[in-house]
Participant: 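Before anything else, here's the structure in question.
Heavy atoms only: backbone and side chains are in, while hydrogens, waters and symmetry mates are out. On a predicted model such as this, the values are computed, not experimentally measured, just so you know.
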Amino acid sequence: AFDFGRVFMFKWTVNYKFLPEDIFRSKRLALALLACTVLGMIVFVVKWRRSTRKARIAVAKFRAENADLSDPNVDPRIFVMSADYIVATLFISNFIGVAFARSLHYQFYSWYFHQLPYLAWFAGFH
């Protein structure tokens, strides 16, 4: 995946078919897409951590106080990751990878397109 000496076949690309072949094959594009992927993941992690800050504070407070889950003042739901949280984390991470992939085969899209309705709903496009 990170062998920059490897050259992808232009005929199989889907994402960047609109680019001329010489630009598609350039090392500059490969490095730019890698940088965008890394930057996208960093932005995602920062925003995701910010959105889960309340739960992380509650967990830290729980640990610091050596509280007991049987305590009626402790809401155990803050310690459980919801299915939406897990699915959104995986799908958004995958979306970042797909968006900046230099070469993807059509077969991959047949698997990936099932995630798009969920991502659209999660982003508020409903």
Side-chain angles (χ1 to χ4, degrees):
F2 297 104
D3 178 7
F4 292 111
R6 184 173 155 211
V7 178
F8 292 98
M9 294 180 68
F10 182 70
K11 72 179 184 177
W12 294 115
T13 187
V14 178
N15 281 10
Y16 296 100
K17 197 71 155 179
F18 62 90
L19 292 175
E21 188 169 355
D22 58 322
I23 293 174
F24 173 80
R25 291 174 170 258
S26 73
K27 191 173 268 194
R28 275 178 92 179
L29 178 67
L31 291 172
L33 291 172
L34 178 60
C36 288
T37 302
V38 170
L39 182 64
M41 289 293 186
I42 289 170
V43 168
F44 169 64
V45 166
V46 167
K47 285 183 159 284
W48 205 245
R49 285 184 52 86
R50 198 174 296 147
S51 71
T52 60
R53 186 170 186 266
K54 186 189 268 185
R56 286 185 290 115
I57 289 171
V59 169
K61 184 178 176 185
F62 178 81
R63 287 184 179 155
E65 295 173 356
N66 293 321
D68 184 9
L69 279 176
S70 61
D71 182 352
N73 296 324
V74 175
D75 183 2
R77 292 177 295 175
I78 64 170
F79 303 104
V80 178
M81 280 195 252
S82 69
D84 276 341
Y85 178 87
I86 295 167
V87 168
T89 301
L90 295 173
F91 284 9
I92 293 169
S93 300
N94 196 30
F95 176 77
I96 293 168
V98 168
F100 298 115
R102 182 163 60 160
S103 183
L104 288 176
H105 292 250
Y106 293 102
Q107 297 90 335
F108 185 77
Y109 279 110
S110 68
W111 167 80
Y112 176 71
F113 89 95
H114 296 298
Q115 296 177 15
L116 295 177
Y118 178 83
L119 289 172
W121 171 82
F122 187 78
F125 297 117
H126 45 81

Participant: Within this structure, what is the CG-OH distance for the pair L90 and Y85, rounded to the nearest 0.5 Å?
Facilitator: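 Those atoms lie 10.0 Å apart.
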
Participant: With rounding to the nearest 0.5 Å, note down the distance linking CG in L34 to CG in L39.
Facilitator: 11.0 Å

Participant: Hey, what's the ring geometry for F122 with W48, parallel, tilted or perpendicular (30° and 60° as the breaks)?
Facilitator: tilted

Participant: Do you know which two heavy atoms are closest between R102 and S26, and how far apart they sit?
Facilitator: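 Scanning both residues completely, I find the closest heavy atoms to be NH1-O, 3.5 Å.
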
Participant: Please list all pairs passing the salt bridge (charged side-chain N to carboxylate O under 4.0 Å, His left out) test where one or both residues lie in residues 16-25, with sequence neighbours left out.
Facilitator: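 Qualifying pairs, neighbours excluded: E21-R25.
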
Participant: Please round to the nearest 0.5 Å and tell me the distance separating atom CG of D84 and atom OH of Y118.
Facilitator: 4.0 Å

Participant: Could you pull out all residues at least two apart from F125 that satisfy ring pair (Phe, Tyr, Trp, His ring centres under 6.0 Å)?
Facilitator: none

Participant: Does atom OH of Y112 have more than 12 heavy-atom neighbours from other groups under 6.0 Å away?
Facilitator: yes

Participant: Distance from F100 atom CZ to Y16 atom OH, nearest 0.5 Å?
Facilitator: 6.5 Å

Participant: In Å and rounded to the nearest 0.5 Å, what is the CD1 to CZ distance from I92 to F44?
Facilitator: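 Nearest 0.5 Å value for the CD1-CZ distance: 4.5 Å.
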
Participant: Going hydrophobic residue to hydrophobic residue with side-chain gaps under 4.5 angstrom, can you get from V43 over to L119?
Facilitator: no

